[in-house]
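Please read the structure below before turning to the comments.
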Amino acid sequence: MWGGAGAAVRMSTLLAPTLREVPAEAETESHRLMLRAGLMRRLAAGIYSHLPLGQRAIAKVEAIVRQEMDRQGAQEVRLPLVQPEELWVESGRSAKYGEELWRLKDRHGRPFVLAPTHEEVVTDLARREISSWRQLPLILYHVSNKYRDEPRPRAGVMRAREFVMKDAYSLDRDRDGLLAAYARMRAAYARVFTRCGLDWRVVEADPGTIGGGDTLEFVALADVGEAEIVWCEACGYAANVERAEGARPAEVEAAEGADGGAAGPVRIHTPGVRTIEDLVAFAGIPASATSKILFLWAEYAPDGRRELVAALVRGDRQLNEIKLANALGAVRLGMADRADVLAQTGAPVGSAGPVGLRGARLLTDLEVACGGAFAIGANQEDWHLFWAKAGRDFDPGQVADLRLVGAGDPCPRCGDALRGANGVEVGHMFALGAVYSQAMGALYRDDQGRSHPIEMGCYGIGITRTLAAVIERHHDRDGIVWPFAVAPYHVAVVPVAAGEDGTREAGERLYAELRGAGVETVLDDRDLRPGAKFKDADLFGWPLRVTVGRTLRDGAVELRQRRGGLTERIQLGGAAAAIRARVAAGLGETEPPPGHGSQAPDAPGW
RNA sequence: CGGGGUGUGGCCCAGCUUGGUUAGGGCGCCUGGUUCGGGACCAGGAGGUCGGCAGUUCAAAUCUGCCCACCCCGACCA
């Protein structure tokens, strides 16, 4: 696909405007570099034009994705980006998606949406076209723009409102078929991200608005990433912190204290104590021996009913609102303000506690409910209860895993310390099951003539976001350092030193040879001084740079590797062949070993 | 949606507090010349409704109001 005539270009004709100064709009390195190296330009917030080099890099990622999809037997289709909102009403997601769903009307005033994803369209296609078990299984995929009216686009293409995404949909007869498809896609994803040169992890995640059962995220490690993940080196457990389970404490925390409040909680006057910090300072106990109560409004679908909720977690923990929402079945949560809490429960926020709590639905984190005794507000200004125990001193209400898990916390599977990192969510897969097919009536007949909903899975890869993640990982102070696999071009031929005879001609000849050999090459034939060409070459990040200059008098050119800066002389005679071999080797660098990613679906992902 | 910030030639910015000549600088661009191995130099030149609208004023880039766009923090987020 990338061989032949289209694989080479003269810089003098290429629209690749570099910026010497850092654009004010950009904060992350990948965003800055994509602008500075002339890969893209902003049209509106979160919407970009991709220029020739950006387009080529995107096409490289797409090509890798297509190869890996095809390898697993998936079939490419092209689906509409403009979809009747009706379909989304039918699936129930029009309401769930809220304002992020980009709505528009046609001239007749009929409501449409710009596709953020294609479950509805695929399910609709399936219900029309699939009627027999003989037509299954099937995996369809497509690559297209997606639209999400993000409240706050940021970091360029990392969180955009229009972006390129590959999405795949598996259609199966039953759960086993779905799991097999899921495993295949997982294997494909492992190969895709490895080939792109990313340092990535697969983690368990929260299904969010898409619904369904199992879900995995593929996260490219990067400090600027918005996804926080934890993983265990010992047993392989890995999860997004939104999902990561809190380890169930094996036994009662030692923090119970010497006298332990064996006879019951002790009421202590604590003037001015409002926060956990205050309480720790006042009582000289660790924060882990305290607990705190947080008040939130929970909203439920479909009637928008609201309820005040009190969540009790240990003083040193943070509440995971997603877990809380899931425990409640709520669609939305928001912190309640102190006035609301006081009005509803009569409890002052800084001194609120579970003992004698009224007017709010109480949920207690596992850790607090497991038998330990904690210091907690007494529901009276300036008073706290020490050594209060769930079950003995108050009704814990609904007990659930509610805390946010972080690095250093014990692994929920094996107890080892978890590690943590930030990353960019580049892929996501969901074993949907029958949620969409059920809602939209996508049914097939089995060999007995019985009707069943199609078992579905969906699988996304953020193409443009993956590209940003690649740059985030592969750059230095001078510019991009492309891995061969996604570099817009592999080699730059740079003739310099006008004082030397024949550098231009030699450069032209070498360029023609490389081009003829199918090597993806740019010729920097611009009338610029050497320094400017070198700086640009570094910024563009070509994996290899061939300088045709003063060494020409010895019949040699210089071959420089962008990564590491290693420079060597090679004879002009064999240069094209040598460079070609170097490109082939470079392309092999990120090629996964045989069998990579093809492990069983429940094996650790790395 | 809440909080903060910024809008001045293609890019980065100064000028605004304290209204007052032809609105500036650097980079880039065009022409000519000298240069030519890590973003050269000289000379000449083009390019701006100062985000928009309304107001205050003899006079507005500068003051006031409204609006818009963009950025950051938060909320939100397959």
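So you know, we letter chains A, B, ... as the sequences are listed, proteins then strands, and number each from 1. Note that the coordinates shown come from a computational prediction; the quantities given were computed from them, not determined experimentally.
- Residue A/Arg550 places no side-chain N or O under 4.0 Å from the OP1 or OP2 atom of B/G37.
- Rounded to a whole angstrom, the distance from the C1' atom of B/C73 to that of B/G52 is 27 Å.
- If you measure from atom CD of A/Glu226 to atom P of B/G74, you get 9 Å, rounded to the nearest angstrom.
- Here, B/C68 and B/A75 have their C1' atoms 23 Å apart, quoted to the whole Å.
- Spacing between B/C67 and B/G25 at atom C1', rounded to whole Å, works out to 32 Å.
- Note on A/Glu508 versus A/Arg10: salt bridge recorded, some NZ/NE/NH1/NH2 to OD/OE distance being below 4.0 Å.
- The side chain of A/Arg20 approaches B/G39 more closely than any other nucleotide in the set B/C13, B/C72, B/G39.
- Nucleotides B/G24 and B/C72, compared at atom C1', are 29 Å apart to the nearest Å.
- At the heavy-atom level, A/Phe163 lies under 4.0 Å from base atoms of the strands shown.
- In this structure, the CG atom of A/Leu33 is 18 Å from the P atom of B/C11, given to the nearest Å.
- When distances are taken from the side chain of A/Arg42 to each of B/C71, B/C13, B/A40, the shortest belongs to B/C71.
- Looking at the side chain of A/Val496, the nearest of the listed nucleotides B/G37, B/C70, B/U35 is B/G37.
- Nearest to the side-chain atoms of A/Arg154 among the listed nucleotides B/C70, B/G39, B/C73 stands B/C73.
- When the C1' atom is used for both B/G47 and B/G10, the distance is 10 Å, rounded to whole Å.
- Nucleotide B/U34 has B/A40 as its partner under the Watson-Crick or G-U criteria, with both atom distances under 3.5 Å.
- Looking at A/Arg152 and A/Arg154, their side chains come closer than 4.5 Å, going by heavy atoms from C-beta outward.
- Rounded to an integer number of Å, the gap from CD of A/Glu99 to P of B/C1 is 7 Å.
- Backbone-only engagement by A/Glu100 is indicated by non-hydrogen atom pairs under 4.0 Å involving sugar-phosphate atoms exclusively.
- Base pairing annotation: B/C27 forms a Watson-Crick or G-U wobble pair with B/G10, both donor-acceptor distances under 3.5 Å.
- A/Arg562 forms no cation-pi arrangement with A/Trp542, by the criterion of a distance under 6.0 Å to the ring centre and an angle within 45° of the ring axis.
- The C1' atoms of B/G2 and B/U49 are separated by 34 Å, rounded to the nearest whole Å.
- Heavy-atom nearest nucleotides on RNA chain B were determined for A/Gly462 and for A/Pro530, and the one closer to the 5' end corresponds to A/Pro530.
- Each of A/Val22 and A/Ala532 was assigned the nucleotide of RNA chain B with the nearest heavy atom; the assignment lying further toward the 5' end belongs to A/Val22.
- Among the atoms of the strands shown, base atoms are found under 4.0 Å from some heavy atom of A/Glu558.
- The two residues A/Trp482 and A/Pro543 make their nearest non-hydrogen contact at O-CG, 3.8 Å.
- With both ends at atom C1', the span from B/C63 to B/U56 equals 8 Å, rounded to whole Å.
- Rounded to an integer number of Å, the gap from A/Asp554 CG to B/G37 C1' is 15 Å.
- For B/C66, the paired base is B/G52 (Watson-Crick or G-U wobble, both distances below 3.5 Å).
- Counting only heavy atoms from C-beta on, A/Arg152 has its side chain closest to B/G74 among B/C71, B/G74, B/C76.
- Across the strands present, B/G2 finds its partner in B/C73; the criterion is a Watson-Crick or G-U wobble pair with both atom distances under 3.5 angstrom.
- Side-chain atoms of A/Lys146 do not come within 3.5 Å of backbone N or O of A/Arg161 as any donor-acceptor pair.
- Put simply, CZ on A/Arg36 is 16 Å from C1' on B/G10, counting in whole angstrom units.
- Taking the C1' atom of each, B/C16 and B/U64 are spaced 14 Å apart, rounded to whole Å.
- Here the side chain of A/Asp538 is nearest to one of B/A75, B/G37, B/G38, namely B/G38.
- Across all strands shown, nothing is found opposite B/U57 as a Watson-Crick or G-U wobble partner with both distances under 3.5 Å.
- For the 3.5 Å distance criterion, the side chains of A/Trp297 and A/Glu307 fail to qualify, holding no donor opposite an acceptor.
- Nucleotide B/C36 holds its P atom 18 Å from the CG atom of A/Leu552, rounded to whole Å.
- Backbone-only engagement by A/Pro23 is indicated by non-hydrogen atom pairs under 4.0 Å involving sugar-phosphate atoms exclusively.
- Counting non-hydrogen atoms under 4.0 angstrom, A/Glu321 reaches the backbone sugars and phosphates but no base.
- Among the nucleotides B/G38, B/C76, B/G39, the one closest to any side-chain atom of A/Pro151 is B/C76.
- Residue A/Asp536 is classed as a base contact, given a heavy-atom separation below 4.0 Å to a base.
- Between the side chains of A/Arg545 and A/Thr567, no donor-acceptor pair is found at a separation under 3.5 Å.
- The residue A/Arg41 sits apart from the nucleic acid: no heavy atom pair falls under 4.0 Å.
- For B/U21, there is no paired base (Watson-Crick or G-U wobble, both distances below 3.5 Å).
- Rounded to whole angstrom, the span from the CG atom of A/Leu15 across to the P atom of B/G10 amounts to 16 Å.
- A/Ala24 comes within contact range of the sugar-phosphate backbone alone, with a heavy-atom separation under 4.0 Å but no base atom that close.
- One interatomic measurement links the two molecules: CG of A/Asp524 to C1' of B/G37, which rounds to 13 Å at whole-angstrom precision.
- In this structure, the side chains of A/Met11 and A/Asp525 come closer than 4.5 Å at one or more pairs of heavy atoms.
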